[in-house]
Protein chains: 2
Amino acid sequence: MNPIGPAVKKPATLDDVAAIAGVSAKTVSRVVNRNANVSAATRERIEAAIRETGYRVNQAARSLAASRSFLIGAFMPHLSSFYFAEIFRGAAKACRQYGYHLVLEEFDHGADSVVDRYEQGLRGAHCDALILTPPVCDDEKLLDALDRDGLPYVRIAPGEQLGRSVAVGADERRAVEQLVTHLWDGGRRRFAIIAGPADHAAAMVRERAFCNALGALGGDPAGVALARIELNESIAEAGRIATLDLLRDVGQLPDAIFAFNDEVAIGAMAGIRELGRSIPEDIAVAGFDDSYIAQLVWPPLTTIHQPIADLAFQAVRLVADPEGFSTGNILLPTSLVVRGTT
Amino acid sequence: MNPIGPAVKKPATLDDVAAIAGVSAKTVSRVVNRNANVSAATRERIEAAIRETGYRVNQAARSLAASRSFLIGAFMPHLSSFYFAEIFRGAAKACRQYGYHLVLEEFDHGADSVVDRYEQGLRGAHCDALILTPPVCDDEKLLDALDRDGLPYVRIAPGEQLGRSVAVGADERRAVEQLVTHLWDGGRRRFAIIAGPADHAAAMVRERAFCNALGALGGDPAGVALARIELNESIAEAGRIATLDLLRDVGQLPDAIFAFNDEVAIGAMAGIRELGRSIPEDIAVAGFDDSYIAQLVWPPLTTIHQPIADLAFQAVRLVADPEGFSTGNILLPTSLVVRGTT
DNA sequence: TTTTTCATTGTCAGCGCTGACATGATTAGA
DNA sequence: TCTAATCATGTCAGCGCTGACAATGAAAAA
């Protein structure tokens, strides 16, 4: 293998291909870019020459000339490796389909300011667009910076300022209402929420939706106990700690807990067990996301399914598909998945 | 927000900065690239001008001129979203540190040939180097293609042809030996392996290490039952199915199971319970990776810890750090983490 | 003082590609 | 038949940057 440095073998250029095919570089460019108005015969000749030389577009040159990078950027916050992997899956699939590449930047919640990470990192990658997931999709300073730079972005599940950009979301509210009804019908009356980080606007919306739905059923929204997790290395561990704190401080134990996501829910389950309570008899638990670990724990976790990969796919499509932008916002369906914890 | 297209606001160029600072573009370039031999006064003037204009390097232009893209590519196979997230974390951190960006390409085990995915995807991104994880790091056809293109790569945990490239690995063998000893000392005598995909060479090496260690202790390597998972949507589910098959077919039930990774181990636990056996009394279970779910299941999973993020960090460092390549291969430590399943 | 050295800065071509525009070859329309 | 429209292809500048080399001037050595 070769150390990094000037390419070992000089790759073929448009001119090389053009020389072999006996045409101008521009015509080869037309073929490569699938432009119309190239005769079938010429096209075939050029395609043969491309095969012969193993020609690949030089993205740098193309970017420079066309002022496009064919790169789509995203921040990947550390809230759930499942969520992360799914977002990646959907986005990568769409990128492949539309001829883009994905540039991913890590974003450590506690440590960094997203704007700094953008200024010092992703901005330098000169992406054509950004895909923003919670919580960065609600960071106003970041959005201001992007608007300032004229960098297009699509937000996934924004909690606030829905009109500020094109966005892709899941119908979380409806599933939350179903969940509340499900819990209520199961006889649960004392509720607690193990909430996500305060800057995760979509989660805040979920919390409100939960309380509203409860009120609609005749419950007492004000009586819902709430503990917010403190981010640390493991979000499940954060959920366990928050749950223990909540269960210790609260006067009467809740009989149902709604967690920020499945990992937090699983942490909550551990905390509940530590206090000698059983699930679901004493306390029901529900998560969010329907990640695959939801099925692996015991009892299997009741949760809300949302099409995470598809969300990301649609987000990329909106920026990468020439038709996309006119389409406007997208709302995908969610569903309540009842399993053993409720 | 803006639709994709020609940049809305024209970003500042080297020439803009140079004009303001009253120097040549080349001198600005020197400052940007931290070259020596620029006087302190000039440097300061230029840095002020850079701040004033909000100048950012245009990577496309830089790449074109310097024949480097400052991009590092990687394939992300779907074996474990935990493994994936950790690899990403380490690689992203290193990229940030060394001024590179990460281009990630999805790779769906069952469906694609890696070489095709390289030819049609990553190759077009013109990365400066690739980071390869199992199982693609052992795909000879891919390595041949990379060598042909003169594209440098670092392999993480290669199972075969260790000398073929610079590589970063974990000392898996040693931890496997510790595990076997631990199981043996616990009185276990009938072993089974729920193995990973056949093209995952590192896992194959682990299997052999397991059998060898068993032989060294006086056990019967030939008596180890083996079931290989069939990849499907959920690797845990694949583990559950493989385990059920194995337990049904085998004459006498094993009293210890070593799984390809933690997710497979958790699937195995589910399968064992379905057959009405208890863990660890009837059957001990051990995983691999020490992912965070290992602590979340009940009983908590005994597993082998490997520094996945660090592996990826070192891999990127090898290609991105000018000093890196001379360093040669790297072997990181692993450790046995004994929990409740053994 | 004169020559040499070397740190600092500048000049310029060209990386590979595409957009704007020009040209030549066909075909359709009058 | 002649003109206009359309298609197929070519020409060329220049995107923003860096590498190779040149020039400048001040300090060091002779």
Check: [X] side chain, [Y] main-chain N or O, donor-acceptor pair, under 3.5 Å:
X	Y	value
B/R89	B/A309	no
B/D128	B/I72	no
B/R45	B/A21	yes

Nearest 0.5 Å, please: how far is [atom2] in [Y] from [atom1] in [X]?
X	Y	atom1	atom2	value
A/E105	B/L102	CD	CG	9.0 Å
A/L331	A/L311	CG	CG	9.0 Å
B/I20	B/T53	CD1	OG1	5.5 Å
B/L142	B/S113	CG	OG	8.5 Å

**Asked** Looking at A/D144 and A/R164, does any basic side-chain N land under 4.0 Å from a carboxylate oxygen?
**Response** yes
**Prompt:** How large an angle, rounded to 10°, do the end axes of the helix from C/dT1-D/dA30 to C/dA30-D/dT1 enclose when each is built from five base pairs?
**Reply:** 30°
To the nearest Å, give me how far apart [atom1] ([X]) and [atom2] ([N]) are.
X	N	atom1	atom2	result
B/L14	D/dC15	CG	P	13 Å
A/D15	C/dC15	CG	C1'	12 Å
B/N35	C/dG10	CG	P	14 Å
B/I50	D/dC17	CD1	C1'	14 Å
A/I46	C/dC17	CD1	P	13 Å

How close do [X] and [Y] get, counting heavy atoms only, and between which atoms?
X	Y	value
B/C127	B/V103	SG-CB, 4.3 Å
B/D138	B/A201	OD2-CB, 3.2 Å
A/R43	A/N35	NH2-O, 3.5 Å
A/D15	A/A25	OD1-CB, 3.4 Å

**Request:** State yes or no: are the ring centers of B/F88 and A/F88 separated by less than 6.0 Å?
**Result:**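 No: the rings miss the under 6.0 Å criterion.
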**Ring center gap for B/F75 and B/Y118 short of 6.0 angstrom** =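 No, too far apart.
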**Request:** Assign the ring pair A/Y98 / A/F313 to parallel, tilted or perpendicular, where the plane angle (0 to 90°) is split at 30° and 60°.
**Result:**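 Rings of A/Y98 and A/F313: tilted, as their planes differ by 30° to 60°.
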**Fill in**
Hits for salt bridge (charged side-chain N to carboxylate O under 4.0 Å, His left out) against A/E119, two or more places apart or cross-chain, chain-then-number order -> A/R123, A/R148
**Request:** Check each residue of residues 57-65 of chain B for a non-hydrogen atom within less than 4.0 Å of any atom in DNA chain C, then write out the ones that pass by number, or none.
**Result:** B/L64, B/A65
**Prompt:** Can you find a side chain N or O atom of B/S29 that sits less than 4.0 Å from OP1 or OP2 on D/dC17?
**Reply:** no
**Prompt:** Of the residues in residues 17-27 of chain A, which ones touch DNA chain D at a heavy-atom distance under 4.0 Å?
**Reply:**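 A/V23, A/S24, A/K26, A/T27 - these, ordered by number, are the residues of the stretch whose heavy atoms sit under 4.0 Å from the strand.
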I'd like a list of close polar pairs between nucleotides 22-27 of chain C and the protein, N/O only, cut-off under 3.5 Å.
none

Could you list all N or O pairs between the protein and nucleotides 4-8 of chain D that sit under 3.5 Å apart?
from  : atom 1 : to    : atom 2 : distance (Å)
D/dA8 : OP2    : A/N37 : OD1    : 3.1

